[in-house]
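Contents: one structure, followed by commentary.
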There are 2 protein chains.
Amino acid sequence: MSQSVPRRRAPRNSLSAELIVDRALALLDDKGIDAFSMRALAEELGVGTMALYTYFRGKEELFKAARDRVLSTYQPPSTSGSWDEQLRALCLSMYELFTGRPSVLQLLAEGKAEGDFADAASVTMEQVVRLLCGSGLDRQAAARAAGTLIGFTIGSALRQVRECHAEGGPAAQAELMRHRFAILSPERHPALIDLAPELTLAREDGEGQYTFGLGLILCGLRDLAAAAAPRP
Amino acid sequence: MSQSVPRRRAPRNSLSAELIVDRALALLDDKGIDAFSMRALAEELGVGTMALYTYFRGKEELFKAARDRVLSTYQPPSTSGSWDEQLRALCLSMYELFTGRPSVLQLLAEGKAEGDFADAASVTMEQVVRLLCGSGLDRQAAARAAGTLIGFTIGSALRQVRECHAEGGPAAQAELMRHRFAILSPERHPALIDLAPELTLAREDGEGQYTFGLGLILCGLRDLAAAAAPRP
DNA sequence: ACCTGAACACCGTTCAAGT
DNA sequence: ACCTGAACACCGTTCAAGT
């Protein structure tokens, strides 16, 4: 007679911090952060739950390791061109890193993996800050611009990731949005109803939405830099 | 001998959906979404946990009720001036609504309270879209601009809210940030270290950071509108 | 050192029961 | 209708024990 399928235990010493992080990232990217649990991860690895605690103090520490794993594999692009073109390339590559690895983004955004950042992240920050400081902005404006660019990038990536992890996927989300528009009263919300098709499309095209917003911010920065350092 | 302080039960029929939402919001704003639980809320109200289920199907529905409560009390400001000045005022008032009610923002951002929006929210959206459509932008640009403004506002408010709910509060967060800068190598991150004071300040001043970014976006929109509808 | 199972203190929710 | 307690299926983590 068949056993209750207890997924035969992995042989001793076959476990490692690396392997655990690998599987954790796979589980995270696959099912999302809400479906993640130490117990489920252990099950996946074919070990008892507490085996994980030999390698990590707890869930939090495992999350930080997962975050660092992804961030440390990140290669900032080598850029060229004017400072704003370089900023655009840097931000876009960050956006792609995040949307390509939804799990880590969720960890960062929900504050589950706070702590000292991996080196790759600070290298990119360094580039961003250097470009901004060389653009003619004063120090305060440069600092705030850095915050705006990073925040906008993370926020935009986060929105798209949530769209994908939401039940039913993007298709269902779009349907839900159409329904919301459908129940609005035409007298009170004429402009909203009129623009509904474009609004729905914009929401579906996360990357287009992001590049549009990024363009606006960079345009604002160019104007600001030009005003701060006018042609002599 | 004293009882185990079972917080004497509330009299029968003293409970209501209103009262539950009230307390839920208080608990949420006070301790944050992570510390919230149906059990804790019931305890706070002096009733058994299951009493809540007489008024709400479950946690999700309670969250939606809490969200709607807050959004329906929101009064969009009456604006005047040019379209971009009006947009600025609308966005700022949304930002203040959210940062004033951290709990609801977290519900919205973490997708815990999805569903049809309250009326007040769509009234504001209507205004935003109307202003954008009247600015000279084409339809697609108007839709994307709306997405950018809303997304940036929610994202910025969320960052500030998390800053406040993080352990130790803003002060501890700033200290942590200084520490992060302190451990960077001066050879590899000269610009970052040089701008550290301003970056720390910018992070502490959430509202200043937001208005700065909003200004950049609006500046970009003005340029775009001017290019789309040049003087005849 | 590496891994285990039992146990503890939580959680949301179902269910049968009481008023 | 309104509210209860017991129970179920989860969760992260502690702890004593096994190899």
Side-chain angles (χ1 to χ4, degrees), chain A residues 3-24 27-28 31-66 103 106-107 110-114 167, chain B residues 3-24 27-28 31-67 103 106-107 110-115 167:
Chain A
Q3 296 283 77
S4 57
V5 206
R7 190 190 282 258
R8 67 207 176 299
R9 295 278 134 156
R12 229 183 148 79
N13 278 339
S14 67
L15 207 55
S16 70
E18 283 239 328
L19 214 162
I20 292 173
V21 169
D22 270 351
R23 284 281 204 176
L27 197 63
L28 239 17
K31 318 229 170 166
I33 197 172
D34 288 337
F36 179 93
S37 79
M38 297 297 269
R39 287 171 137 104
L41 175 59
E43 171 82 8
E44 196 90 354
L45 286 160
V47 298
T49 307
M50 296 317 299
L52 307 177
Y53 287 78
T54 312
Y55 299 89
F56 301 96
R57 286 185 186 286
K59 205 186 180 186
E60 196 91 344
E61 193 172 298
L62 205 171
F63 279 170
K64 282 185 198 171
S103 53
Q106 283 194 295
L107 295 183
E110 293 185 13
K112 307 290 186 191
E114 292 288 342
E167 42 184 344
Chain B
Q3 295 287 75
S4 58
V5 206
R7 190 191 280 257
R8 67 208 176 300
R9 294 277 133 155
R12 228 184 149 79
N13 280 341
S14 66
L15 208 54
S16 71
E18 283 239 327
L19 214 160
I20 292 173
V21 170
D22 271 351
R23 285 281 205 175
L27 198 62
L28 240 16
K31 319 225 171 169
I33 197 172
D34 287 339
F36 178 93
S37 79
M38 296 298 267
R39 287 172 137 102
L41 175 58
E43 171 83 7
E44 196 91 354
L45 286 160
V47 297
T49 307
M50 296 318 297
L52 306 176
Y53 287 78
T54 311
Y55 299 89
F56 301 96
R57 284 184 188 286
K59 204 187 182 185
E60 195 93 342
E61 193 173 297
L62 204 170
F63 278 169
K64 282 185 196 171
R67 176 204 66 182
S103 52
Q106 283 195 294
L107 295 183
E110 294 185 14
K112 308 290 185 190
E114 292 289 341
E167 45 186 343

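Per chain, numbering begins at 1; letters A, B, ... match sequence-line order.
- For S37(B) and dC11(C), the shortest distance from a side-chain N or O to OP1 or OP2 is below 4.0 Å.
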Derivation and outcome, side chain to side chain contact (heavy atoms under 4.5 Å, CB included), residues F56(A) and V21(A): CA-CA 10 Å; F56(A) 301 96; V21(A) 169; 3.7 Å; yes
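- Atom CG of residue L28(B) and atom CG of residue D34(B) lie 10.0 Å apart, to the nearest 0.5 angstrom.
- Nearest approach of T49(A) to R39(A), heavy atoms of both residues: OG1-CG, 3.7 Å.
- E61(B) has its CD atom 15 Å from the P atom of dG12(C), to the nearest Å.
- With sequence neighbours excluded, no residue forms a salt bridge (charged side-chain N to carboxylate O under 4.0 Å, His left out) with E18(B).
- Toward the 5' end of DNA chain D, the nearer of the two residues A40(A) and T54(B), judged by each one's closest nucleotide, is T54(B).
- Here M38(A) lies in heavy-atom contact (under 4.0 Å) with sugar-phosphate atoms only.
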Pair pattern of DNA chain D in dot-bracket, where unpaired bases get dots and | marks partners in another strand, Watson-Crick or G-U under 3.5 angstrom: ||.|||||...|||||.||
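- With a 4.5 Å cut-off on side-chain heavy atoms, T54(B) and L15(B) do not count as touching.
- Here L52(B) contributes atom CG and E61(B) contributes atom CD; the two are 12.0 Å apart, rounded to the nearest 0.5 Å.
- R39(A) places its CZ atom 12 Å from the P atom of dA6(C), with the value rounded to the nearest Å.
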Side chain to side chain contact (heavy atoms under 4.5 Å, CB included) between L41(A) and L62(A), worked out: CA-CA 11 Å; L41(A) 175 59; L62(A) 205 171; 3.8 Å; yes
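- L41(A) has its CG atom 12 Å from the P atom of dT13(D), to the nearest Å.
- Here dC11(D) presents its P atom at 15 Å from NZ of K59(B), a figure rounded to the nearest Å.
- One atom, CZ of F36(A), and another, P of dG12(D), lie 7 Å apart when rounded to the nearest Å.
- Checked against dT13(C), dC3(D), dG5(C), the side chain of M50(A) finds its nearest nucleotide in dG5(C).
- Picking from dG5(C), dC3(C), dT4(D) the nucleotide with the shortest atom distance to the side chain of A51(B) gives dT4(D).
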Report all interatomic pairs (protein N or O, nucleotide N or O of nucleotides 17-19 of chain D) with separations under 3.5 Å.
| from | atom 1 | to | atom 2 | distance (Å) |
| --- | --- | --- | --- | --- |
| dG18(D) | N2 | R12(A) | NH2 | 3.2 |
| dT19(D) | O2 | R12(A) | NH2 | 3.3 |

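- Between Y55(A) and the phosphate of dA1(C), there is no side-chain N or O to OP1/OP2 separation shorter than 4.0 Å.
- When the nucleotides dC2(C), dG12(D), dT4(D) are ranked by their closest atom to the side chain of Y53(A), dG12(D) comes out on top.
- Counting to the nearest Å, the C1' atom of dC2(D) and the CZ atom of R57(B) are 17 Å from each other.
- Whole-Å rounding puts the L52(B) CG to dC3(D) C1' distance at 11 Å.
- Taking atom CG on L19(A) and atom C1' on dC2(C), their separation rounds to 15 Å, with Å as the unit.
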